[in-house]
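Notes follow once the structure below has been shown.
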Amino acid sequence: MSNYDALHARIRALTDGETDEVALMATLACEIHHSDERFDWTGFYRVVAPELLKIGPYQGGHGCLVIPFSRGVCGAAARTGEVQIVADVDAFPGHIACASSTRSEIVLPVFGKERRLLGVLDIDSDRPDAFDAEDATRLAAILEEVFDGI
């Protein structure tokens with residue numbers, strides 16, 4: 001389980017004063033990915049056009065390159081603006097299998113200034129039912145602090 005207090009403090013120190021979205025995403029992907037052994041793939045999908053996400057900075061194996069808002073767990077998070085916690089990806093209608101090892105997933109929308117959707121943070125696990133409400137709350141707090149003014 002992540003030590004979210006230590007993770008949040010590290011991210012705060014590393015990102016203080018930075019305003020470049022991609023640099024922030026790269027730093028968070030690295031720090032979050034290496035903070036917890038449950039995290040098999042950690043990365044951002046960026047909003048690049050209306051209703052369209054493209055791969056951004058990530059850690060782990062290859063991810064999907066393009067995801068429309070209408071498909072998958074990442075699309076659902078982008079479309080609804082709500083955290084998606086999926087205990088079993090095989091049971092999620094329309095799940096996009098970017099990696100066959102993924103068993104569960106959490107996807108959080110990433111908002112900038114005035115709740116402009118910048119993208120989503122996608123974390124996959126090779127374990128079933130790996131994520132819970134505490135993960136969602138703690139990760140959302142980190143994302144809000146880092147991206148709120150962007």
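Keep in mind that this is a model prediction, so the values were computed, not measured. Any value given below was found using the heavy atoms of this structure, including those in side chains, with hydrogens, waters and symmetry copies removed.
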Applying side-chain hydrogen bond (donor to acceptor under 3.5 Å, both in side chains), name anything that partners H8, two or more places apart in sequence or on another chain.
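Here the qualifying residues are R12, E145.
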The single option from Q59, H34, H33 passing side-chain hydrogen bond (donor to acceptor under 3.5 Å, both in side chains) against T42
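For T42, the side-chain hydrogen bond (donor to acceptor under 3.5 Å, both in side chains) check succeeds only for H33.
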Between [Y] and [X], is there a side-chain heavy-atom distance shorter than 4.5 Å?
X: I32; Y: I123; result: yes
X: D135; Y: Y4; result: yes
X: V66; Y: V48; result: no
X: L143; Y: F111; result: no
X: V110; Y: V146; result: no

Show your reasoning for whether side-chain contact (heavy atoms from CB on, under 4.5 Å) applies to Q84 and R79.
CA-CA 11 Å; Q84 305 291 309; R79 187 174 62 252; over 6 Å; no
Interatomic distance, L139 atom CG to I106 atom CD1 [nearest 0.5 angstrom]:
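Result: 5.5 Å between the selected atoms.
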So, for [X] and [Y], which heavy atoms are closest and what is the spacing to 0.1 Å?
X: A87; Y: S104; result: O-CB, 3.3 Å
X: E31; Y: L7; result: O-CD1, 3.6 Å
X: F147; Y: L24; result: CE2-CB, 3.7 Å

Using the rule that two of Ile, Leu, Val, Met, Phe, Trp, Tyr join whenever any of their side-chain heavy atoms come within less than 4.5 Å, decide whether I55 and V73 are in one cluster.
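In one cluster with I55: V73, yes.
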Could you tell me whether D90 and R103 have a side-chain N and a carboxylate O separated by less than 4.0 Å?
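So D90 does not pair with R103 through a salt bridge.
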